[in-house]
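Numbered from 1 within each chain, the chains take letters A, B, ... in sequence-line order.
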2 protein chains.
Amino acid sequence: MPDSKTTPTARAAGTGTTRATTPTARRSEATRAAILDAARERFATDGYERATIRAIAKDAGIDPSMVMRYYGNKEGLFAAAVSIDLRMSELPAVPRDRIGATLVAHFLTLWEENEQLTALLRVGTTNAAGAERMQDVFRDQMLPVARAACPDPEQVPARAALAATQMLGLALTRYVLRMPPVTALTRDELVAWLGPTLQRYLTAPHSAWPEG
Amino acid sequence: MPDSKTTPTARAAGTGTTRATTPTARRSEATRAAILDAARERFATDGYERATIRAIAKDAGIDPSMVMRYYGNKEGLFAAAVSIDLRMSELPAVPRDRIGATLVAHFLTLWEENEQLTALLRVGTTNAAGAERMQDVFRDQMLPVARAACPDPEQVPARAALAATQMLGLALTRYVLRMPPVTALTRDELVAWLGPTLQRYLTAPHSAWPEG
DNA sequence: TGTGTTGGCCAACAAGCGTTGACATCACTG
DNA sequence: CAGTGATGTCAACGCTTGTTGGCCAACACA
């Protein structure tokens, strides 16, 4: 968004992919993006209630009313700011007995470079819509991975759920609560410890399973 | 607090341990307890920001100003309402190779019969004081257990931290987010699956350990 | 140059929040 | 019976919130 004030229309006019209702190119895309950036950061650090529209607007350097004009209301802003993509397709093809460690490493990278995940986790604990969104992500992006790794299709939801308890627990203690003994663990240590756990949850047989 | 209305003064006068500034016994204990009960429930279901003093007072059937008189302010109310006791001393004496399953079972019982744990977890994700309190509980009540189970004292914090990621992840997905595939798991299934995980985190050697 | 559209700011609204102090009421003591 | 202190209600304060509508400047196009 900086330096774009020199030729705002030209830049927007160059990207003619999305034809808007008006023939004139949009100058507001920079502002919209600035709002989303600020919203993501505020939601990630403060949660839904304490992330005020006024604070987000101040971070973005514009008036609070602009947020309303572009995103309708606070819920619309959150919906627009947080769209989770676990990028499961980018997982390297590994033998089935290494899927656990691969997943842990993948999620660690994901959480560290995308604050939207922290935002959704923080909001999900106090906001009903946020909790539902987390379940959507789980259903649409986590279940398929478990389906590919787990032998028995009937066990897929339970095994994916077990994996979710471990991964979300890591995210909670490390990136939300920031518990010192958890943040002190290195990436390699976490992969080495949690990898076998996910591996077992997803692929190992288990004697206590209801249908044997 | 129930049935105490018959002889309120006599009951309070009997417990002369804390000498109040006034010689008259306290009739207000029932109200104080009602406030704490309502506060615990609201904090557990709504989190810190959305649990308003007005709503808590209405649940308790009294005026909001009473909350202020008895607990000073909202932070004081939360501090008084949420005092976590993991009751680790009630853990049955089991051989060291069964500490994992025992801990999982213990925590499941704890979370299901005490909503203060849910309250603290919800508040901890959006409130700095709540997050600090969680770390206090971890340090004062979780570390000793790990110290008793883990061979090398130097590894205790890291191993306790690993156990915390799994247990808090279970609490988050099951009691806060209430993800259907996690709530669908039975108590026995969870003990059977998560028990070995905690067992390994607390007691098993590991090749990837820094000082091997 | 004139005109309509877009981007942006300003001021204000109603509602809800935590919090406060004045006033009533009751129980008990002297 | 008068008095005192605890218990509780009522009304309001100051503040912040999400949200709205009006106004102005800049631009695109004729």
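- Put simply, the side chain of Arg54(B) and the base of dG16(C) share no donor and acceptor less than 3.5 Å apart.
- Atom-to-atom, CD of Glu29(A) to C1' of dG7(C) comes out at 14 Å; the value is rounded to the nearest Å.
- Note: CD1 (Ile53(B)) to C1' (dC15(D)) measures 15 Å, nearest angstrom.
- In this structure, Arg159(A) forms no cation-pi arrangement with Tyr201(A), as its terminal cationic atom is not both closer than 6.0 Å to the ring centre and no more than 45° off the ring axis.
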Please list, pair by pair, any protein nitrogen or oxygen found under 3.5 Å from a nitrogen or oxygen in nucleotides 8-11 of chain C.
| unit_1 | atom_1 | unit_2 | atom_2 | d |
| --- | --- | --- | --- | --- |
| dG8(C) | OP1 | Thr31(A) | OG1 | 3.1 |
| dG8(C) | OP2 | Thr31(A) | OG1 | 3.1 |
| dG8(C) | OP2 | Tyr70(A) | OH | 3.2 |
| dG8(C) | N7 | Arg69(A) | NH2 | 2.4 |
| dG8(C) | O6 | Arg69(A) | NH2 | 3.0 |
| dC9(C) | OP2 | Asp63(A) | N | 2.8 |
| dC9(C) | N4 | Ser65(A) | OG | 3.3 |
| dC10(C) | N4 | Asp63(A) | OD2 | 3.4 |
| dC10(C) | N4 | Ser65(A) | OG | 3.1 |

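- Rounded to whole Å, the distance from CG on Asp46(B) to C1' on dG16(C) is 15 Å.
- When the C1' atom of dG18(C) is taken as reference, atom OH of Tyr71(B) falls 17 Å away, rounded to whole Å.
- A 6.0 Å sphere centred on CD of Gln135(A) holds more than 12 heavy atoms belonging to other residues, nucleotides or ligands.
- Taking atom CD of residue Glu49(B) and atom C1' of nucleotide dT16(D), one finds them 13 Å apart after rounding to whole Å.
- One can place NZ of Lys58(B) at 13 Å from C1' of dG16(C), the figure rounded to the nearest angstrom.
- Counting to the nearest Å, the C1' atom of dG18(C) and the CD1 atom of Ile56(B) are 12 Å from each other.
- A donor-acceptor contact closer than 3.5 angstrom links the side chains of Ser65(A) and Asp63(A).
- A donor-acceptor contact closer than 3.5 angstrom links the side chains of Thr165(B) and Gln166(A).
- In this structure, Tyr48(B) and Phe78(B) have perpendicular ring planes: the angle between them is above 60°, well past the 30° mark.
- For Lys74(A) and dT17(D), the NZ to P distance is 9 Å, given to the nearest whole Å.
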- [ ] Evaluate the side chain to side chain contact (heavy atoms under 4.5 Å, CB included) criterion for residues Phe43(A) and Leu120(A): first the C-alpha distance (whole Å), next the side-chain angles of each, then the deciding distance (0.1 Å), finally the verdict.
- [x] CA-CA 8 Å; Phe43(A) 282 133; Leu120(A) 183 57; over 6 Å; no
